[in-house]
J.: 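One structure, pasted below without further comment.
When a ligand or atom number is given, it counts from 1 through the structure's own listing order. Nothing here was measured: the structure is a model prediction, and the numbers come from that model.
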Amino acid sequence: MPSELNKLTIAEASTLLRKGEITALQLARDCLDRIQAIEPKLNAFITVCEKEALEQAHAADRRLKSNEAPALCGIPLGIKDIYATRGVRTTCASRILGNFVPPFDATVVERLRAAGAVFVGKTNLDEFAMGSSTENSAFGATLNPHDTERVAGGSSGGSAAAVAANECLGSLGTDTGGSIREPASFCGVVGMKPTYSRVSRYGVIAYASSLDQVGPFAKSVRDAAIILRTLAGKDPRDSTCSARAVPDYERALTGDVKGLRIGVPKEYFVEGMQPEVEKSVRAAIKIYESLGAKAVDVSMPHTGYAIAAYYLVATAEASANLARYDGIRYGLRIDAEDHIDLYNLTRAEGFGAEVKRRIMLGTFALSAGYYDAYYLKSQKVRTLIRRDFERAFEKCDLIVTPVAPTTAFKLGEKMNDPLTMYLSDIFTISVNLAGLPGMSIPCGYDEKNLPIGMQLIGPPFSEETIFRAGDAFERAGSFKPRPTAV
Ligand code: GLN
């Protein structure tokens, strides 16, 4: 039996589980041991679910004997603490939900449960998924397993760090403006943000509903494909969720990218980005060419407006979504003489600084007299950005860009300068504004040994092509993942 089962990929573990060479209980135990050993250094989890995980593993072992076990049976996963989990505290990294225990499961949690997955715990994030570094968590920042003086990225920093540090084999994140792809890039793992509507958002605590999307983190493209297949597909409880059939993504992994046209947008290779990031992504494009793909220049002229448009649309929607935290129905309540004081005190005490900033920005953008100038205008810009992509995809099948302009930055480095923090999302947010699928895969290291990610973007519902291209890059073998520092 191999040692340190927590280091296996999902595909490897699944094969061994089916052959009876390892048990789900052993696998869960190794992950939980790793969590116990490393969490004091990483803080990737808000809640560790040891007891539940061992029970699920036990049940998975029974199912595995039946030979009809689904793909994820017995696989230990981390779940971002933004997903409602029945009977398990769900905080969204906020004091306002510090003791909230949902009476129901999010659709994707329910699907993973039905598939026999084992939940080792709820992972850390920026409060209400607002941030790019997981420093905006009421439960403390998550540290980067490659260098614990640096951030793990955000908002799904806990989910990315947990997979990178082998605390679980895969995890769930959400991505509103880059929250899966940027932490994946900073931690050196694969992160997939599917097409808007590909996966149900029912039971996912809402940040910006027209941008939020669910997706997996994994150690390989194949593993991400395996998880997404279980997550995706129609859900009567989310009317925005697509009824389109879900392909067997794993079957798309043929290794063949001959003739694939790869668009390289000049607006995504800008001055001021870390030179090693540009170098690694350009080297990856060369690898694709050596595999028979064709690089073509494309242009997306409205890219420069994306951050401004995003921070209007996202905050406007957030200000409406977060109105429900009023101290009346659930979560924190600070009692007061009258209900207006109760709202005020509860929200003042319950929300952190960044969340308050966003509620104020969003409320302003939506207020009478400013609506046309800000909110409406940002929606028009959003359309222009979507058209940029549509035009680009007339000339290419996929677009390749960096994920973030830099590798993981130091803790505290950007906390006092929100605008610099917002710039971390410059290459990812347009993808959300246009509703497209985008994946981050590791493609290099900088001179400090920090991971660099490349982003593959496709037209709506082109997840198979993205997975195929990502997997082909991994197979080419020119990039070798390095172990984490901790
Ligand atoms: N960093 C971006 C923000 O703060 C994106 C976050 C996300 O995708 N949830 O809004």
J.: Can you name the closest pair of heavy atoms from H146 and R482 and give their distance?
T.: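 It is CE1-O, 4.0 Å.
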
J.: I'd like to know if D446 pairs up with K448 as an ion pair, taking the criterion as any Lys NZ or Arg NE/NH1/NH2 lying under 4.0 Å from an Asp or Glu carboxylate oxygen.
T.: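 Salt bridge absent between D446 and K448.
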
J.: Heavy atoms under 4.0 Å from ligand 1: which residues qualify?
T.: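 Correct list: A129, M130, G131, S132, S155, D175, T176, G177, G178, S179, Y207, Y310, Y311, R358, D425.
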
J.: Over 60° means perpendicular and under 30° means parallel, so classify the ring planes of F351 and F128, tilted if in between.
T.: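 Judged by the thresholds at 30° and 60°, the geometry between F128 and F351 is perpendicular.
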
J.: Check side-chain hydrogen bond (donor to acceptor under 3.5 Å, both in side chains) between D425 and all other residues, then give those that pass, not counting sequence neighbours.
T.: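 side-chain hydrogen bond (donor to acceptor under 3.5 Å, both in side chains) check on D425 returns S132, Y311.
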
J.: Distance alone, cut at 3.5 Å: any donor-acceptor contact between the side chains of K80 and S155?
T.: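 Yes.
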
J.: Under a 3.5 Å threshold, yes or no: a donor from one side chain and an acceptor from the other, between T47 and D81?
T.: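 There is no such pair between these side chains.
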
